[in-house]
Amino acid sequence: MRINIETAELQAFIAVARQSSFRAAAEGLFITAPALSRRIENLERALQERLFDRTTRRVSLTPAGELFLVHAQAVMEELELAVKSVEQGMAHRREHVTVACVPSVANNLLPLVLKPYARTHANVRVRIIDESAADVLESVRKGEADFGVNFIGAQEAEIDFEELTRERYLAVMPSHHPLAAQSTLHWKSLAGEKLVSVSSSSGNRSLIDNAFSRVPQRPVIQYETNHVAGAISLVAAGLGVALLPELAIRNAPYKGIVARPVTSPVLSRAMGLITLKGRVLKPAAATLAQALREAMASKPRK
DNA sequence: GTTATATGGCAATATTCGGC
DNA sequence: GCCGAATATTGCCATATAAC
């Protein structure tokens, strides 16, 4: 037997059964009495049973109607529960955004961007992959991250690189260091200094080594760390001078150190948004990317 | 774009029942 | 028994939607 009963017909049936009146039930359902009458007629035709004994003065359930009312109410209650459960399920569903970025961005820029983002996107769970430039590139390439913020990737065929800002490298030293008296430094003035450097596997290190290759007298790399934070700690302890990207120390709460621009030549790196070529960002990720664009744009481009 | 079907509203009709 | 009010039902039409 094929069941062909509409929920509107069940609602009409339940309303008439409760009100014992077609007219009152029709008013409650915001339809006219003839429309309601036809719904009941359709239902009775589908069931091949008369559900109400009615005259123009009295409406009462038949035995078949009483039996059907129990099941009709149960069906409507179950349907309401199903709708509520889907609505609540959708409301609680969380979105995920994964952003890969170098530590200087993760430590100094992301917190500033995520604070307002969290207010408007409370339902979005943000995962941050803060790794070396090479690992950030790999995370985006493998699709592990929705997008990345990195200073390498512009040359990769399968990566879209959108430059957001260009940041200089600064010489970071204790505030009592003799070079701290100068407003800008030449690369050659660093000759003979004990250098605190990030490890040779770092993208920063490649750029710095390349800059020193043009200087006749190179400084000695005395200390090597894996992370910028470690390098800054060694500088603060008076163990040497570090060359670090501007963003890495811009908001760092270190006391007793100063940063001076290095010129001749000015060494800088392009920091950009990297995505897998052709990939369309989901809305939550696109909004976060836009917030990063605006945050980067608010800094003076050097 | 056309046709078929479903739905609902308006107006008219049929029916019931209380009051006289 | 007649009348009038109340209400369910029916006929017709307009509109929306689906199928082709």
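Only this structure's heavy atoms are used, side chains among them; waters, hydrogens and symmetry mates stay out. Numbers restart at 1 for each chain; the letters A, B, ... are given by sequence-line order, proteins then strands.
Residue Arg38(A) is in base contact, counting any heavy-atom pair closer than 4.0 Å across all strands shown.
Distance CD (Glu41(A)) to C1' (dA14(B)): 15 Å, rounded to an integer number of Å. Rounded to an integer number of Å, the gap from CD1 of Ile40(A) to C1' of dT7(B) is 15 Å. We find that CZ of Arg23(A) is positioned 16 Å from P of dG9(B), with the value rounded to whole Å. dT7(B) atom P lies 10 Å from atom CZ of Arg45(A), rounded to whole Å. Summarising the geometry, the separation between CZ on Phe22(A) and C1' on dT9(C) is reported as 9 Å, rounded to the nearest angstrom. Remark: P of dT9(C) and CD1 of Ile31(A) are 13 Å apart, rounded to the nearest angstrom. Whole-Å rounding puts the Arg54(A) CZ to dC17(B) P distance at 15 Å. When rounded to the nearest whole Å, the span between CG of Leu51(A) and C1' of dT9(C) equals 16 Å.
No side-chain N or O of Gln73(A) forms a donor-acceptor pair with one of Glu77(A) less than 3.5 Å apart. A donor and an acceptor atom, one from each side chain of Asn42(A) and Arg39(A), are nowhere located under 3.5 Å apart. Side chains of Ser268(A) and Arg166(A): a donor on one and an acceptor on the other come within 3.5 Å.
Between Phe22(A) and Phe52(A), the ring planes lie perpendicular to each other; the angle is over 60°, past the 30° to 60° tilted range.
Donor-acceptor pairing under 3.5 Å, judged by distance alone, is absent between the side chain of Arg39(A) and the base of dG9(B).
At least one donor-acceptor pair closer than 3.5 Å links the side chain of Glu44(A) to the backbone N or O of Leu51(A). A donor-acceptor pair under 3.5 Å is absent between the side-chain atoms of Asp53(A) and the main chain of Thr62(A), judged by distance alone.
For Asn42(A), counting side-chain heavy atoms from C-beta on, the closest listed nucleotide (dC10(B), dT7(B), dA8(C)) is dT7(B).
Listed by residue number, the members of residues 6-17 of chain A with any heavy atom below 4.0 angstrom from DNA chain C form an empty set.
Arg141(A) and Glu156(A) are joined by a salt bridge, as a carboxylate oxygen and a charged side-chain nitrogen come within less than 4.0 angstrom of each other. Salt-bridge annotation for Arg45(A) and Glu9(A): absent, with no side-chain N of the basic residue lying under 4.0 Å from a carboxylate O of the acidic one.
Between Thr55(A) and dT15(B), a side-chain N or O to OP1/OP2 separation shorter than 4.0 Å is absent.
Leu247(A) and Asn108(A) make their closest contact through O-ND2, 2.9 Å (heavy atoms, listed as atom of the first residue, atom of the second, distance).
Map Arg58(A) and Ala35(A) each onto its nearest nucleotide of DNA chain B; the residue landing nearer the 5' end is Ala35(A).
If one axis is set at each end of the helix from dG1(B)-dC20(C) to dC20(B)-dG1(C) from five pairs, those axes are 10° apart, to 10°.
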